[in-house]
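Only one structure is covered here, and it is reproduced in the block below.
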Amino acid sequence: MEKWDVEDQTFWNQTGKGVANRNLWISIPNLLCGFAVWLMWGIITVQMLNAGFPFTQAELFTLTAIAGLTGATLRIPASFMIRIAGGRNTVFLTSALLIPPALLTGLFLQDPETPLWKFQLAALLSGIGGGNFAASMSNISGFFPRRQQGLALGLNAGLGNFGVTTMQILIPTVMTIAIFGAIAGDPIALIRDSGTLIGRIEAGTPTYIQNAGFIWAAILIPLVTLAWFGMNNLKPLSPDMTGTMSSFGKVLGLYGIGFVTSVIGLYLYLPAPTGLGLLNPFVAVVLICVATLIALRMIPGRVGSSMGAQFAIFKDKHTWSMTILYILTFGSFIGFSMALPLSITVIFGFTNVEVDGVMERVANPNAPSALTYAWIGPFIGALIRPPGGWLSDKFGGSIVTQWVAAVMVIASGAAGYVMMLAYQSQTPEQYFFIFLVLFLIIFAATGIGNGSTFRTIGVIYNREQAGPVLGWTSAVGAYGSFVAPIVIGEQVRGGTPEYAMYGFAVFYALCLILNWWFYLRPGAYIKNP
């Protein structure tokens, strides 16, 4: 479309509203599948453990970390795709690119003897689903007038985030039935108890674990078709867009840069035999971010010049303050979504028993199933995100963010204490209820905060800047999906899971101060945007 001026009420009523809503409601299910494919390893690794795949807990944690880091890194180039490739072109292609990792995951899960590197490859490609969020949000932000951006972005992100919950409910369900018949291969017998939304599944039950990948390929085919025929490229928002095939080439090139920097960073971070084990996770994240930005800036020709124009956002102090605040909200949401299933399995699935005078951790027969409970937190976090946008439109984004940060400080500290008690107990299941309640509070706070931070960005920045800023902040926030599983996993293996949560609580307290200083104190840079 050549003309697009949604701040003009007449244009909005006659043309803009219908087009914007159609694009929004096609964008949402495509984004939902992006989240599902990206984060499915949090559930798949639990069932791989239950099905006796010959990998250690540490090796399974690397699969969630690989998908998390790649998805976050790909959000950096995805932040700049809409301007150079167009909304319809970008959403169609990036959603279609989710089909190969879904198929590969299904194929590899058919055989427990599949080597680890193949699963790591599938997890790496699954990161495409994480990258898609930045492009999707950047695209939708341009379709709606400022007065409606809080709700529109809340709907796109919040209902898109339902991909986490949908995945955590759907995957355990489809693994119980042969929905694809002989095409999907034979089932594998569980060696440990598992579960679904409705309860426990006993050891020895056949599981079609491969359906965890195949189901998304089946769902995506009609969705990418709908994106192609139902969405729009807006010329005012994509001034550097050329032909369709040229746009596809730009998208693939930008994602290619993200994959290269991700692979190099993972090789330097992951322990042997996968990598060199030279970097800690925080250094790895910083180096990958910097390398990706430098590579994007060095692209020659019109794409590189377009990148240079959009890089102006990094000169604004609010880009950096909102990046930190988005780590508080979305980084926590996505990180805990990724880490919680395997954390429940490791903390509550084992108990301390004295053997020959030495305390050992053995399987807990009364353990709650992560596959039964892990979906609840992300469900609440996604469900409450649109109301978070509405509250922010009504009261101001920064005051809502302040409430959220205060709640997260208290709940995270309490959760750490409960995790310590459970890990040291011979009956850890007695602490599971309060553990779950505390994490539901954290997820609810992150959901509201996701809406409030996006509202704040929409007020601070003009239409041309808001898209790249939304994409950039979402990219850095998404590194929570890498850092949280690593930090929690390392502390669990060290026998001190509470340290991870205490560390998060300290970070949330710093965010509380930062938000007050920038946006709420007397003389704030911008008052309660």
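From a predicted model like this one, the values you see are computed outputs, not experimental measurements.
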Short question: side chain of E7, backbone of P145 - any donor-acceptor pair under 3.5 Å? no
Would you mind listing every side-chain hydrogen bond (donor to acceptor under 3.5 Å, both in side chains) that reaches into residues 61-72, with sequence neighbours excluded? none
Is any side-chain heavy atom of I257 less than 4.5 Å from a side-chain heavy atom of I299? yes
Counting the benzene-type ring for Trp, do F144 and W12 have ring centres under 6.0 Å apart? yes
Close side-chain approach of I486 and F282, heavy atoms under 4.5 Å: no
Residues two or more places apart in sequence or in another chain: which of them pass side chain to side chain donor-acceptor pair (under 3.5 Å) with Q47? N50, S194, T207
Partners meeting side chain to side chain donor-acceptor pair (under 3.5 Å) with S337 (sequence neighbours left out): none
For N232, does its backbone N or O pair with a side-chain atom of N23 as donor and acceptor, under 3.5 Å? yes
Look only at the side chain of T90 and the backbone of G87, and say whether a donor-acceptor pair between them is shorter than 3.5 Å. no
State whether the side chain of S136 and the backbone N or O of N132 hold a donor-acceptor pair below 3.5 Å, judged by distance alone. no
What pairs with Q120 under side chain to side chain donor-acceptor pair (under 3.5 Å), at least two apart in sequence or on another chain? T274
No-hydrogen, no-angle side-chain donor-acceptor test under 3.5 Å, S27 and N139: no
Is a side-chain donor or acceptor of N450 paired with a backbone partner of T446 at a separation under 3.5 angstrom? yes
State which residues pass side chain to side chain contact (heavy atoms under 4.5 Å, CB included) with L159; sequence neighbours excluded, sorted by chain then number. W25, I28, L155, F162
By side chain to side chain donor-acceptor pair (under 3.5 Å), W216 pairs with (sequence neighbours left out) none
Evaluate the side-chain proximity of T114 to L109: yes if any heavy-atom separation is below 4.5 Å, no if none is. no
Look at the side chain of W4 and the backbone N and O of G142, then say whether any donor-acceptor pair between them is shorter than 3.5 Å. yes
Spacing of L276 atom CG and L268 atom CG [to the nearest 0.5 Å]: 6.0 Å
With side-chain hydrogen bond (donor to acceptor under 3.5 Å, both in side chains) as the rule and sequence neighbours excluded, what pairs involving residues 275-284 come up? none
With no hydrogens and no angle check, is any side-chain donor or acceptor of R75 less than 3.5 Å from a backbone partner on F133? no
My understanding is that only residues two or more places apart in sequence, or in another chain, count here; which of them pass ring-ring contact (aromatic ring centres under 6.0 Å, His included) with Y519? H318
Reported CG-to-CG distance for the pair L328 and L510, which is rounded to 0.5 angstrom: 10.5 Å
Please report the closest heavy-atom contact between C33 and L223, naming both atoms and the distance. SG-CD1, 3.6 Å
Does any donor atom in the side chain of Y255 or T94 lie under 3.5 Å from an acceptor atom in the other side chain? no
Partner set under ring-ring contact (aromatic ring centres under 6.0 Å, His included) for Y508, not counting sequence neighbours: none
Rounding to 0.5 Å, atoms CZ (R88) and CE (M241) come to a distance of 8.5 Å
Applying ring-ring contact (aromatic ring centres under 6.0 Å, His included), can you list everything that pairs with Y269, at least two apart in sequence or on another chain? F482
Hey, can you tell me if Y525 and F518 have their rings parallel, tilted or perpendicular (30° and 60° cut-offs)? tilted
How long is the straight-line distance from CG of L63 back to CG of L116, given to the nearest 0.5 Å? 5.5 Å
Which pairs, with at least one residue in residues 103-112 and sequence neighbours excluded, count as a side-chain hydrogen bond (donor to acceptor under 3.5 Å, both in side chains)? none
Roughly how far, to the nearest 0.5 Å, is CD1 of I219 from CD1 of I99? 11.5 Å
Would you confirm whether N30, through its side chain, and S95, through its main-chain N or O, come within 3.5 Å as a donor-acceptor pair? no
Answer yes if the side chains of N233 and S238 hold a donor-acceptor pair under 3.5 Å, and no otherwise. no
Under 6.0 Å between the ring centres of F504 and F336? yes
Should the ring pair W38 and F35 be called parallel, tilted or perpendicular, given that the plane angle runs from 0 to 90° and is split at 30 and 60? tilted
Would you say T401 and S452 are linked by a side-chain donor-acceptor pair, where the criterion is simply a distance under 3.5 Å? yes
Is there a donor-acceptor pair closer than 3.5 Å between any side-chain N or O of E59 and the backbone N or O of T56? yes
Heavy-atom donor-acceptor pair, K235 side chain to K3 backbone, under 3.5 Å: no
Using a 4.5 Å cut-off on heavy atoms from C-beta on, say whether the side chain of F507 contacts that of I327. yes
With sequence neighbours left out, what residues match F180 under ring-ring contact (aromatic ring centres under 6.0 Å, His included)? none
